[in-house]
Amino acid sequence: DRLDLNRDNGIFMGLFLADGNTDEHSGTVVVSQRDEHGTTFVNTWFDRFNIRYKERIDKSDIGTTHSIHAYSTLLQQFLDAFVGRLAHNKKVPDAAFNAPDEFVEGVLIGYFSGDGHVDDKGSITAGSASEKLMDGVGLLLTRLGIFGHRGVTQLKSNNLGTKNIKPSHTIAIRAQWASVFGKRLTLFPSYKNDRLTQTKKCHMNYVEQNDVVFDTIKTIDVIPVCEEFKLYDVTVPSTYNFATASMLVVRDTSETGYIQRRLGKAMEDMKIGFDGLLKNSIGDIVQFAYGEDNFDGCKLSTQKIPKDLS
């Protein structure tokens, strides 16, 4: 009746998101795993919860599949509700977005150990038929200070002869962010960890300033209200930060923005005369010196803009 949001449970959820499925008729949970350490981890996880399981090796014309079949209707129903059923319906569980870092790291370790590919240059890529899953993975990476570029690809054919292949939603982690990934997360296949040491120091296509990555705005589309659900901005008193579905962390300015508008409206008729006095439209003196110090607020501080953005 309780699942702790710890590292091991996060790893199992990540492995299931990458290579797991369920059968609601038989109450079976299947996790495919080739790596020896990954297989041992899954078996140990099932043992911890006293779940009966069996390892299977299936050979076919397209290759060999190594999978662990667990028999628990309760676990099958829980996973269907928690992370979704079928590849295109999978998602990062909602509980992960405000879970401890150890659970977040576990989910990412499990997912990229299964579905992630690390090339010889240390770049990490992963893909899924579920757009919602990739959005969730991107948000979890953002929590750890890792930027991943999102994309969509469409295969015309595959080795299974599938008809009506769904688009594959991808995420790519390269350069300095792949280096951060390698330092914080240790994957099961050791060769993936070895390749992560080959990453470049700086990305060629993205400019980074402090903790902000600048991406090109390609289009801005106006969406009629009648076609989409209305969006309400909720301000939480304890924090003014929130994340959008596009993995952008922003600052809520509902209060400060309105204060700025009111101040601007109240002072729109004020001006500084040749005598240096600040007066309103009828000549009443508001201040003997603008701002009490005659300093121009626009010139009190400077902000550096990267050359690539200027």
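Given the structure is predicted, the values throughout are model-derived calculations rather than measurements.
- The local environment of CZ in R34 is sparse, with at most 12 non-hydrogen atoms from other residues, nucleotides or ligands closer than 6.0 Å.
- Counting heavy atoms from C-beta on, the side chains of I171 and T125 never come closer than 4.5 Å.
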**Criterion side-chain contact (heavy atoms from CB on, under 4.5 Å) on I11 and V107, from CA distance to verdict** = CA-CA 5 Å; I11 292 176; V107 172; over 6 Å; no

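- Side-chain contact check for R7 versus I109: some heavy-atom pair is nearer than 4.5 Å.
- Listed here is the closest heavy atom pair of N193 and L185: OD1-O, 4.2 Å.
- There is a path of hydrophobic side-chain contacts, each under 4.5 Å, that joins L5 to M13.
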**Message:** Between I57 and H66, is the side-chain contact (heavy atoms from CB on, under 4.5 Å) condition met? List the steps.
**Reply:** CA-CA 5 Å; I57 299 178; H66 189 177; 4.0 Å; yes

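- Tracing side-chain contacts under 4.5 Å through hydrophobic residues (I, L, V, M, F, W, Y), one reaches M134 starting from F97; they form part of the same cluster.
- Between the side chain of Q33 and the main chain of T40, no donor-acceptor pair closer than 3.5 Å is present.
- No side-chain donor from either of Q176 and H203 sits under 3.5 Å from a side-chain acceptor of the other.
- A 6.0 Å sphere centred on CG of N164 holds no more than 12 heavy atoms belonging to other residues, nucleotides or ligands.
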**Pair L196-K192, side-chain contact (heavy atoms from CB on, under 4.5 Å): steps then yes or no** = CA-CA 6 Å; L196 285 173; K192 292 185 179 181; 5.7 Å; no

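- Both L144 and I173 belong to a common hydrophobic cluster when Ile, Leu, Val, Met, Phe, Trp and Tyr are linked at side-chain heavy-atom distances under 4.5 angstrom.
- Using a 4.5 Å heavy-atom cutoff, the side chains of P167 and Q154 are in contact.
- The 12-atom threshold is not exceeded at CZ of F288, counting heavy atoms of other residues, nucleotides or ligands nearer than 6.0 Å.
- The shortest distance between side-chain heavy atoms of D101 and R184 falls below 4.5 Å.
- No option in Y111, W45, F49 other than W45 meets the ring pair (Phe, Tyr, Trp, His ring centres under 6.0 Å) test with F12.
- Atom CD of E36 sits in a sparse spot, with 12 or fewer heavy atoms from other residues, nucleotides or ligands closer than 6.0 Å.
- For the pair F147/V180, no side-chain contact is recorded, criterion being any heavy-atom separation below 4.5 Å from C-beta on.
- Salt-bridge check for R150 with D135: passed, with a basic side-chain N closer than 4.0 Å to an acidic carboxylate O.
- Contact check for D35 versus L187: no side-chain heavy atoms found under the 4.5 Å cut-off.
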**Request:** Starting from the C-alpha separation in whole Å, work towards a yes-or-no answer on side-chain contact (heavy atoms from CB on, under 4.5 Å) for D8 and R48.
**Result:** CA-CA 11 Å; D8 284 352; R48 185 180 303 135; 3.5 Å; yes

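- The two residues G116 and A126 make their nearest non-hydrogen contact at CA-CB, 4.2 Å.
- When atom types are taken as modelled, the side chain of S130 and the backbone of K90 share a donor-acceptor pair closer than 3.5 angstrom.
- Within the model, atoms CZ of F16 and CG of N21 stand 6.5 Å from one another, a figure rounded to the nearest 0.5 Å.
- When the shell of 6.0 Å around CZ of F295 is examined, it contains 12 or fewer heavy atoms from other residues, nucleotides or ligands.
- In the hydrophobic clustering of this structure, V152 does not group with I165; members are Ile, Leu, Val, Met, Phe, Trp, Tyr whose side-chain heavy atoms approach within less than 4.5 Å, directly or through other members.
- Within the model, atoms CD1 of I272 and CG of N294 stand 7.0 Å from one another, a figure rounded to the nearest 0.5 Å.
- A donor-acceptor pair is defined here as one N or O able to donate and one able to accept, closer than 3.5 Å; no such pair exists between the side chain of D23 and the backbone of T28.
- Scanning both residues, F103 and N6, for their nearest heavy atoms gives CD1-O, 3.3 Å.
- From K279, atom NZ reaches atom CD of Q287 across 13.5 Å, with rounding to the nearest 0.5 Å.
- Within the 4.5 Å cutoff, no side-chain heavy atoms of V42 are placed close to those of Y53.
- The CD1 atom of I51 sits 12.5 Å away from the OH atom of Y71 when rounded to the nearest 0.5 Å.
- In this structure, I124 CD1 and R174 CZ are separated by 10.0 Å, a value rounded to the nearest 0.5 Å.
- What you find for D269 and S281 is that their closest heavy atoms are OD2-OG, 3.2 Å.
- A single hydrophobic cluster is not seen to contain both F41 and V30; linkage of ILVMFWY side chains at heavy-atom distances under 4.5 Å, directly or through other members, places them apart.
- Residues V118 and F112 are not in side-chain contact: their nearest non-hydrogen atoms beyond the backbone lie 4.5 Å or more apart.
- Salt bridge annotation for R195-D120: present, with a cationic side-chain nitrogen under 4.0 angstrom from a carboxylate oxygen.
- Contact detail for P93 and V83: the closest heavy-atom pair is CD-CG1, 3.8 Å.
- When atom types are taken as modelled, the side chain of T170 and the backbone of G151 share a donor-acceptor pair closer than 3.5 angstrom.
- Heavy atoms of other residues, nucleotides or ligands lying less than 6.0 angstrom from OH of Y290 number 12 at most.
- Distance check: H88 NE2 to K166 NZ gives 5.0 Å after rounding to the nearest 0.5 Å.
- Nearest heavy-atom pair, G110 versus A18, reported as atom, atom and distance to 0.1 Å: O-CB, 4.3 Å.
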